[in-house]
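Read through the structure below, which is laid out as structure tokens, and then see the notes.
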Amino acid sequence: MRHETRIAVGPVQFRIGSDWAEPIAALERLYAVYPKDGMRPADATVRLFAARPWRRWLRPSVHIGGDFVVPDALPLPLPMGLLAAEMAMNLQVALGWRRHMLLHASAVARDGRALIMSGESGSGKSTLAALLGEGGDWRLMGDEFTLIDPADGDALAFPRAVSLKNEAIAEVAARVDAARLGPLLAGTPKGDIRHLVPRADAIAAMHEPARPALLLFPRFGGESAVEPMGEGEAFVRLTEASTNYVALGEAGFAALTRLVRETPAFAISYPDSEAGIGLVEHLWAEA
Amino acid sequence: MTDRAYRAARADALRIEPLGELTALFDRRSMQTHLVVSPMPEILETMGDDASNATALARRLAASFDLESEGDAIPVLAERLAELAAMGLVERA
């Protein structure tokens, strides 16, 4: 690869190579404040390569690849190289990580205890985590993935740049320093996207584990509602939300049964972010 | 329905974790997770090491549970045993 960089997010050291300079420069701007250790071996390799050698000049289009390749990954036009890099980084972690149980969930921490929010795309888990991470004493652990240590059950952070989508962009942008926002990527296959660099204290604390204290399954839309969730249902939902549960075998089974037994779980519905944050704070106070 | 005999898995083959109303079972041989509800965990626990059919199982379960009021338990247990066999959690003796 002609251009290369290394980025550490939580326990994962990425090596990202590209046929073009632009996506690497965009990544380096976005991850400028993250700690760098160029000597550490890479855990995951990401490659952004030209679909055909001549396309680099004619119709620049980014294919993504790495240790794990998804054959039908979309080629994206070069201005979306940053999105391609982010998708590839997620993919390599989702498919390749074995040291921890990986949950497709956002998380924030307070006083060494973690609130974990799991839900489909559109559930608002990322926006809630991003907003909580901006105000007050919550530390953003991650907007997309949360890692659970099978040895002791602790949650570990994966604070990649937050991927704000569509309406969430304006809502969060109004509250943060513009210097922490990446370029607006309009009209991507996932709609409009803008990245938010987590607060410096969240990045500095990214290696600090937190004890899971509350599991929420948010759903954006409808009246405010809270429904306690049994251990069995939480277990089923989290096996579905884990990208490597099957690969971890009995270690994953043990980690997940422990998590749902020790952590109270609720499904919540909320009509807007303010109401969602209110519900979170209320449940947290009781947890 | 023929009252077939089945044998439970070896004691160390399954890891069984009750989770409220559900019970999660991890089968170390297939690496599969199964989620079951009552009476599956009770059947597995009662089978022990010996091969047993539904008639023998009903007799043993009756020692701990009130089967009489549930109607004829034997055909129901025979069905549950066949389902456990389909999941690979018990095998034909």
Side-chain angles (χ1 to χ4, degrees), chain A residues 94-105 116 118 148-153 212-217 226-267 283 287, chain B residues 6-49 57 61 64-67 69-70 73 76-92:
Chain A
L95 298 180
W97 198 250
R98 295 285 183 276
R99 262 179 265 163
H100 307 101
M101 184 171 65
L102 196 70
L103 295 177
H104 187 216
I116 298 169
S118 174
I148 302 294
D149 191 334
D152 56 17
L214 182 61
L215 274 170
L216 294 181
F217 296 85
V226 175
E227 184 93 32
M229 189 181 290
E231 294 170 6
E233 186 180 350
F235 180 88
V236 173
R237 291 228 201 174
L238 291 177
T239 55
E240 289 165 359
S242 172
T243 58
N244 64 357
Y245 170 77
V246 171
L248 289 183
E250 190 172 351
F253 179 84
L256 203 51
T257 49
R258 176 180 184 169
L259 179 65
V260 300
R261 262 198 201 132
E262 295 181 354
T263 320
F266 299 88
L283 291 167
Chain B
Y6 295 88
R7 196 180 293 281
R10 281 202 335 266
D12 61 356
L14 298 181
R15 178 164 177 166
I16 301 176
E17 301 283 354
L19 297 174
E21 289 173 359
L22 293 179
T23 296
L25 303 171
F26 185 78
D27 188 338
R28 296 186 170 111
R29 301 161 301 177
S30 65
M31 305 284 281
Q32 280 189 315
T33 301
H34 303 277
L35 288 153
V36 297
V37 292
S38 190
M40 298 307 206
E42 293 81 358
I43 291 175
L44 289 172
E45 197 183 327
T46 307
M47 284 182 78
D49 295 334
L57 198 56
L61 282 167
S64 319
F65 301 94
D66 177 19
L67 296 187
S69 61
E70 306 259 329
V76 176
L77 284 172
E79 273 179 45
R80 298 292 90 81
L81 280 170
E83 287 165 10
L84 286 170
M87 289 191 274
L89 295 172
V90 299
E91 55 186 33
R92 292 269 297 276

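In what follows, chains carry the letters A, B, and so on, assigned in the order in which the sequence lines appear, proteins first and then strands, with residues in each chain numbered from 1.
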Ion pair present between B:E17 and A:R258, side-chain N to carboxylate O less than 4.0 angstrom?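 No, B:E17 and A:R258 are not salt-bridged.
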
Can you confirm whether [X] is buried at [atom1], in the sense that more than 12 heavy atoms of other residues, nucleotides or ligands lie under 6.0 Å from that atom?
{"X": "A:E250", "atom1": "CD", "value": "yes"}
{"X": "A:D152", "atom1": "CG", "value": "yes"}
{"X": "B:E45", "atom1": "CD", "value": "no"}

I need the minimum non-hydrogen distance between A:A254 and B:R15, along with the two atoms involved.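 The answer is CB-NH2, 3.5 Å.
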
Which heavy atom of B:A24 sits nearest to which heavy atom of A:T257, and what is that distance?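 Reported closest heavy-atom pair: CB-CG2, 4.5 Å.
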
Is it the backbone or the side chain of A:A234 that comes under 4.5 Å from a heavy atom of chain B, or both, or neither?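 Contact with chain B is absent: no heavy atom of A:A234 under 4.5 Å.
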
If we only count heavy atoms from C-beta on, is the A:F235 to B:T33 side-chain gap below 4.5 Å?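 Yes; the side chains approach each other to less than 4.5 Å.
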
Separation between CZ of A:F253 and CG of B:D27, rounded to the nearest 0.5 Å: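 It comes to 10.5 Å.
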
Can you tell me how far CZ of A:R261 sits from CG of B:L19, rounded to the nearest 0.5 angstrom?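 So the CG of B:L19 and the CZ of A:R261 are separated by 5.5 Å.
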
Selection from B:Q32, B:E21, B:R28, B:M31 maximising heavy-atom pairs under 4.5 Å formed with chain A: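 The candidate making the most pairs under 4.5 Å is B:R28.
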
